[in-house]
There are 2 protein chains.
Amino acid sequence: MPPSANTLMIRKLESIFPLSNEERQALSELPIQVMVSKPDQDIVRVGDRPSQCCMLIRGFTCVYKLTAEGKRQIVAFHVPGDIPDLQSLHLKVLDNSVATVSACTLGFIQHEALHDLCNRHPRITAALWRETLVDASIFREWMTGIGRREAYNRMAHLLCELKVRLEAVGLAEDGTFDLPVTQTELADAIGASPVHVNRVLQELRGDGLIRSKGTQVSILEWEGLKAAGDFDPLYLHLRKDGNA
Amino acid sequence: MPPSANTLMIRKLESIFPLSNEERQALSELPIQVMVSKPDQDIVRVGDRPSQCCMLIRGFTCVYKLTAEGKRQIVAFHVPGDIPDLQSLHLKVLDNSVATVSACTLGFIQHEALHDLCNRHPRITAALWRETLVDASIFREWMTGIGRREAYNRMAHLLCELKVRLEAVGLAEDGTFDLPVTQTELADAIGASPVHVNRVLQELRGDGLIRSKGTQVSILEWEGLKAAGDFDPLYLHLRKDGNA
DNA sequence: CGGATCGTTGAGTTGTATCAAGACGGGTGG
DNA sequence: CCACCCGTCTTGATACAACTCAACGATCCG
């Protein structure tokens, strides 16, 4: 039985911020409207002025931007518990689009309800602020990879990150997780061409670092993949790592 | 006569968020310790746990990350009024380093004083949160450029961004501003080699888009440079653009 | 007037893109 | 239950953006 939307949100916030019972209670009473969505659907688009935030409950979503030439850059993937457009709480006009990658379950929360919650619980404000800061930290790390690492290493890094983030919400075990993401989407995320992603994945498999069967990915050599990806989880700012 | 540190902070926050008289008053009383720094000095480093934030008052600073191979990616430049490590207010361990690019004047503000200010003025919390969200938005835009635009266009984009941001704090006029940044640093920012940056700058000059003399840069054809850089200022979320 | 830093230029190399075509595989309809 | 089809994955060949290396020129400064 999957956790409720509210439980998921609490669990996610607690992975980066300690909550009191009172705060957990307040969060559990937050009204969340649950919907399901097909793959490859825009949830919000550049220029939108949403009056609600969207929490991912099941599946994968991404944030992307398009260039004038029509090229797409995926700047973030989300795992269940993430709030892809939390920024819209304070930036009225969206500067990016959010789309489903796989089939998804989504939970919508009115801005008004969140503002109200923040006013009554300043520490929840801090927790949400912190969540947006972790997002920003991930942007910095991805930018460093795209600018200064080669495609092979970026791919390794992305797999490391997904493994750790999915583990944090209980969706990866023994280095195995479901990744319903096409190679074209991976390419848009690491700033490479789909063809090159294909070759890089073959290299990673050939080097014995990963294995994949359908959408299932297994990390065979965690230390090796971390080394290949130059991966240090510090930037994820997870509580369990003690770098709150 | 340059503005005081507090005045600068107020002016900067107001460029993205409206403040009341009372809030301006509170900000003007914030204790800020002013210091000067030479170029190329680290202000804070990866792994630090600072107890204060640093506001840039005069000069240029940058945020950078290093890869295992020793390559550097600059993920952000700052202009006076920016607070490069505002994130440290909620992320205890820094995941990046901040360094001066030119000679700088810096203002240090204790976390305690900021937390106190935020507790007394929830709207200042919102303003500062918003500031970190704009930073994140700039990261997304840079990532899109590095991943999906060519070096020529990235360079044009960076110059557009700096022009707009410097204008917002009164440091650019008629498309002319001081840019005390070496080509090597520009290269680290757009994810290119110094040699290539040199060539791309020559191209921009040859195309009649910019001119430079020493550290002074002049934009000769604003519309042309915007087009070359695929630049849309929406992502800077400036109030004057009406996309608060 | 050295000496250091930064900018410029040329030549050769490489990572990665693009193009094109074929193989696979999971759904759908006959 | 098979045949087909569409999206995805895979492979090979070619092209190009950008890197590296190396040297030289320009500036600034003590």
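We name chains A, B, ... by the order of the sequence lines, and we start the count at 1 in each one.
In this structure, A:Gly214 reaches neither bases nor backbone, as no heavy-atom distance under 4.0 Å exists between it and the strands shown. Within the 4.0 angstrom heavy-atom criterion, only backbone atoms of the sugar-phosphate kind lie near A:Thr182; the bases stay farther away.
Distance, A:Leu179 CG to D:dC9 P: 10 Å, rounded to whole Å. Rounded to whole Å, atom C1' of C:dT14 lies 15 Å from atom CG of A:Asn153. Regarding B:Leu201, its CG atom lies at a distance of 8 Å from the P atom of C:dT8, rounded to whole Å. Taking atom CD of A:Glu150 as the reference point, atom C1' of C:dT13 lies 13 Å away to the nearest angstrom. If you measure from atom CG of A:Asp188 to atom P of C:dA17, you get 11 Å, rounded to the nearest angstrom. Spacing between atom CE of A:Met155 and atom C1' of C:dG15 amounts to 17 Å, rounded to whole angstrom units. Whole-Å rounding puts the B:Lys213 NZ to D:dC28 P distance at 12 Å. Put simply, CD on A:Gln202 is 9 Å from C1' on D:dC9, counting in whole angstrom units.
For the OP1/OP2 pair of C:dG15 and a distance below 4.0 Å, the side-chain nitrogens and oxygens of A:Arg149 include no atom meeting the criterion. Put simply, A:Lys71 has a side-chain N or O that comes within less than 4.0 Å of OP1 or OP2 on C:dT18. Considering only side-chain N and O atoms, B:Gln183 lies nowhere under 4.0 angstrom from the phosphate OP1 or OP2 of C:dT5. Remark: B:Asn198 is in phosphate contact with C:dT8, judged by side-chain N or O atoms under 4.0 Å from OP1 or OP2.
Toward the 5′ end of DNA chain C lies the nearest nucleotide of B:Asp40, the other residue of the pair B:Asp40 and B:Val195 mapping further downstream. Along DNA chain C, the nucleotide nearest to B:Arg148 and the one nearest to B:Pro194 differ in position, and the one closer to the 5' end is contacted by B:Pro194.
A salt bridge does not link A:Glu203 to A:Arg199: none of the charged side-chain nitrogens sits closer than 4.0 Å to a carboxylate oxygen. Between A:Lys12 and A:Glu131, at least one side-chain N (NZ, or NE/NH1/NH2) sits under 4.0 Å from a carboxylate O, which counts as a salt bridge. A salt bridge links B:Arg149 to B:Glu141: one of the charged nitrogens lies within less than 4.0 Å of a carboxylate oxygen.
The backbone N or O of B:Ala103 sits nowhere less than 3.5 Å from a side-chain atom of B:Thr100 that would complete a donor-acceptor pair.
No N or O donor and acceptor, one from the side chain of B:Arg199 and one from the base of C:dG7, sit under 3.5 Å apart.
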Please list every donor-acceptor pair under 3.5 Å in which a side-chain atom of residues 204-212 of chain A meets a protein atom from a residue at least two apart or in another chain.
unit_1, atom_1, unit_2, atom_2, d
A:Arg205, NH1, A:Ser212, OG, 2.9
A:Asp207, OD2, A:Tyr152, OH, 2.5

